[in-house]
Amino acid sequence: MNNFDEMRALLRQAVESGDRLAGWHAAGQIVSALSDASMPVDQTTAFRLIWTAVRRRWFDMAELLAGAVAARPDGTADARRLHAQMLLERGFYDEALARLEILRNDPTLSRWGLQELFGNLERVYKDRFLSRTDVPNGSAARVFLQKALDAYSGWYRLHPTSVWHGINTVALLARPEAAAIEQDPPAESKRMARTILAEVSRQDPQFIGEHSAAAMAEASVALEDYPAALDWLHKHINGPHANGFALANLLRQFVRLWRLDRRGDQGAALVAVLRAAVLEREGGVVQMSGNDVRRELKGAAGTQYQAVFGSDRFDS
């Protein structure tokens with residue numbers, strides 16, 4: 001084992017134990033090593049290194065590592081795309097968007113990287129749409145909703161097997177604001193949801209893929225089949241890909257985009273189960289505004305989640 005392998009092992013140990021101080025110590029040594037252009041760095045190894053920090057949602061650390069990989073003389077377009085994603089995860093939308101737009105036409109970007117790039121662009125526009133939905137003049141929200149739909153559905157129409165992009169299109173079309181820019185979006189949302197249920201079942205009959213169970217849960221929500229959504233949510237939570245990063249992303253989708261906490265007991269219960277799962281993960285983070293807290297407290301009054309899901313889900 002060389003020194004670089006040892007530093008990677010130290011970072012993994014820090015992530016597993018949740019020791020941020022040890023994580024920063026390892027990350028600092030790794031960045032110093034990455035600055036040595038004579039040291040060969042395999043891109044796959046570098047990406048795994050960055051995602052080690054992402055799984056703990058240590059985005060500041062992951063962005064530092066991604067920047068060091070991207071800045072190397074042998075840094076690839078895919079490495080620069082990943083660095084832009086880490087900037088996005090930290091909330092630096094303008095910087096991330098500028099970098100992503102440059103990379104959009106880079107012929108050296110891999111097909112997988114281009115798919116991820118479209119997803120990153122879609123995330124920027126989706127978040128900007130959501131941040132403007134409570135503004136009295138909804139014109140800005142409609143502009144960003146249109147941009148998000150164009151990005152998601154544009155990729156999905158060319159690549160209908162990409163259920164990640166498809167399920168986000170389903171969710172955006174389910175929003176009431178979509179009626180201003182699409183014809184009968186609720187019907188189209190449900191049609192696409194049924195297509196995605198069939199496509200995921202075809203692609204991944206065991207439903208063990210990274211996005212499979214989560215996509216099935218969201219498609220079931222679109223069809224208002226909440227018992228099925230709960231079953232798929234449990235599969236996702238208990239699956240091999242359910243780290244804090246993945247669960248927090250799905251929670252954000254459930255609350256901010258689907259607004260399930262406003263859909264009565266069944267919707268609020270799905271949010272409660274997922275929020276508990278995020279908090280059960282070491283380093284899990286739940287972000288709520290004051291309005292979110294007040295709405296959830298009001299909705300929880302008198303609701304017996306344990307009677308539906310079993311008290312063992314709420315021991316935390």
Side-chain angles (χ1 to χ4, degrees), residues 43-44 47 51 54 76-86 88-89 96-97 99-129 144-175 178 181-223 232 236 239-241 245-246 249-250 252-253 257-258:
Q43 180 172 284
T44 300
F47 280 26
W51 279 97
V54 170
T76 64
D78 285 77
R80 295 193 295 276
R81 199 284 313 164
L82 182 57
H83 183 218
Q85 181 182 349
M86 294 304 102
L88 171 59
E89 296 293 352
L97 185 58
R99 292 170 183 250
L100 291 167
E101 289 292 358
I102 292 172
L103 286 166
R104 189 173 188 166
N105 298 313
D106 191 322
T108 66
L109 189 66
S110 69
R111 185 188 182 281
W112 178 84
L114 185 60
Q115 174 179 310
E116 294 293 306
L117 181 143
F118 267 88
N120 298 152
L121 288 172
E122 295 149 3
R123 163 81 181 281
V124 171
Y125 295 133
K126 180 175 68 176
D127 283 1
R128 286 184 164 176
F129 156 65
F144 287 117
L145 176 58
Q146 183 68 71
K147 285 179 177 290
L149 278 169
D150 289 345
Y152 276 121
S153 62
W155 182 269
Y156 182 62
R157 289 191 185 103
L158 291 174
H159 309 280
T161 59
S162 181
V163 296
W164 171 42
H165 296 78
I167 199 62
N168 275 281
T169 307
V170 167
L172 289 167
L173 288 172
R175 292 284 302 207
I181 56 177
E182 296 281 339
Q183 184 175 1
D184 198 7
E188 179 64 8
S189 176
K190 287 181 168 56
R191 184 197 68 77
M192 289 183 64
R194 288 189 285 270
T195 299
I196 286 171
L197 288 175
E199 179 61 26
V200 175
S201 300
R202 183 194 69 79
Q203 284 186 32
D204 184 15
Q206 301 300 316
F207 305 105
I208 58 175
E210 182 177 0
H211 303 293
S212 294
M216 296 292 277
E218 287 197 67
S220 299
V221 166
L223 297 170
W232 288 115
H236 180 60
H241 305 290
F245 175 71
N249 282 348
L250 184 58
R252 181 177 59 221
Q253 191 89 338
L257 193 54
W258 288 105

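The analysis underlying the following values was restricted to heavy atoms, covering all of them including side chains, and did not include hydrogens, waters or symmetry mates.
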K.L.:
To the nearest 0.5 Å, tell me how far Gln85 CD sits from Glu89 CD.
P.N.:
5.5 Å
K.L.:
I would like to know whether Asp78 and Leu82 meet side chain to side chain contact (heavy atoms under 4.5 Å, CB included); could you show each step before the answer?
P.N.:
CA-CA 6 Å; Asp78 285 77; Leu82 182 57; over 6 Å; no
K.L.:
To the nearest 0.5 Å, tell me how far His236 NE2 sits from Met216 CE.
P.N.:
13.5 Å
K.L.:
Do Glu218 and Val170 touch side chain to side chain, with heavy atoms closer than 4.5 Å?
P.N.:
no
K.L.:
Do Met86 and Val54 have side chains that get closer than 4.5 Å, going by heavy atoms?
P.N.:
yes
K.L.:
About how many Å separate CD of Glu101 and CG of Leu121, when rounded to the nearest 0.5 Å?
P.N.:
5.5 Å
K.L.:
Sequence neighbours left out, what passes salt bridge (Lys or Arg N to Asp or Glu O under 4.0 Å) with Arg194? Give chain and number order.
P.N.:
none
K.L.:
Kindly assign one of parallel, tilted or perpendicular to the pair Tyr152 and His165, based on the angle between their ring planes and the thresholds 30° and 60°.
P.N.:
perpendicular
K.L.:
Which residues pass the salt bridge (Lys or Arg N to Asp or Glu O under 4.0 Å) test with Arg252, not counting sequence neighbours?
P.N.:
none
K.L.:
Restricting to non-hydrogen atoms, name the atom on Gly209 and the atom on Asp204 that form the minimum distance, rounded to 0.1 Å.
P.N.:
N-OD2, 2.6 Å
K.L.:
Who passes side chain to side chain contact (heavy atoms under 4.5 Å, CB included) against Ala77, sequence neighbours left out?
P.N.:
Arg80, Leu103, Asp106, Thr108, Leu109
K.L.:
Check Ala84 against Arg99 and note the closest heavy-atom contact, atom names and distance.
P.N.:
CB-CB, 4.1 Å
K.L.:
Side chains of Glu210 and Trp164: does their closest heavy-atom pair fall under 4.5 Å?
P.N.:
no
K.L.:
Using the ring-ring contact (aromatic ring centres under 6.0 Å, His included) criterion, which residues pair with Phe118? Sequence neighbours excluded.
P.N.:
Trp155
K.L.:
Between Trp51 and Phe245, is the ring centroid distance below 6.0 Å?
P.N.:
yes
K.L.:
Could you go step by step and tell me if Lys190 and Leu173 meet the side chain to side chain contact (heavy atoms under 4.5 Å, CB included) rule?
P.N.:
CA-CA 9 Å; Lys190 287 181 168 56; Leu173 288 172; over 6 Å; no
K.L.:
Side-chain contact test, heavy atoms from C-beta onward, threshold under 4.5 Å: evaluate it for Arg128 versus Leu97 and give yes or no.
P.N.:
yes
K.L.:
Do we see a donor-acceptor contact under 3.5 Å between the side chains of Thr161 and Glu199?
P.N.:
no
K.L.:
Just how far is it from atom OG of Ser189 to atom CG of Leu172, taken to the nearest 0.5 Å?
P.N.:
9.0 Å
K.L.:
Which pairs pass salt bridge (Lys or Arg N to Asp or Glu O under 4.0 Å) with one or both residues in residues 147-175, sequence neighbours excluded?
P.N.:
Arg175-Glu177
K.L.:
Any non-hydrogen side-chain atom of Glu182 less than 4.5 Å from a side-chain atom of Glu188?
P.N.:
no
K.L.:
Can you tell me how far OG of Ser212 sits from CH2 of Trp232, rounded to the nearest 0.5 angstrom?
P.N.:
8.5 Å
K.L.:
Please lay out, stage by stage, how Val200 and Arg202 fare under the test side chain to side chain contact (heavy atoms under 4.5 Å, CB included).
P.N.:
CA-CA 5 Å; Val200 175; Arg202 183 194 69 79; over 6 Å; no
K.L.:
So Tyr156 and Met192, side chain to side chain contact (heavy atoms under 4.5 Å, CB included) or not? Walk me through it.
P.N.:
CA-CA 11 Å; Tyr156 182 62; Met192 289 183 64; 3.4 Å; yes
K.L.:
Does either side chain, that of Asn168 or that of Gln253, offer a donor lying less than 3.5 Å from an acceptor on the other one?
P.N.:
yes
K.L.:
Which salt bridge (Lys or Arg N to Asp or Glu O under 4.0 Å) pairs, counting each pair once, include a residue from residues 111-122, with sequence neighbours left out?
P.N.:
none
K.L.:
Between Leu223 and Ala193, which heavy-atom pair has the shortest distance, and what is it?
P.N.:
CG-CB, 4.0 Å
K.L.:
Give, for atom CG of Asn120 and atom CG of Leu100, the distance between the pair rounded to the nearest 0.5 Å.
P.N.:
5.0 Å
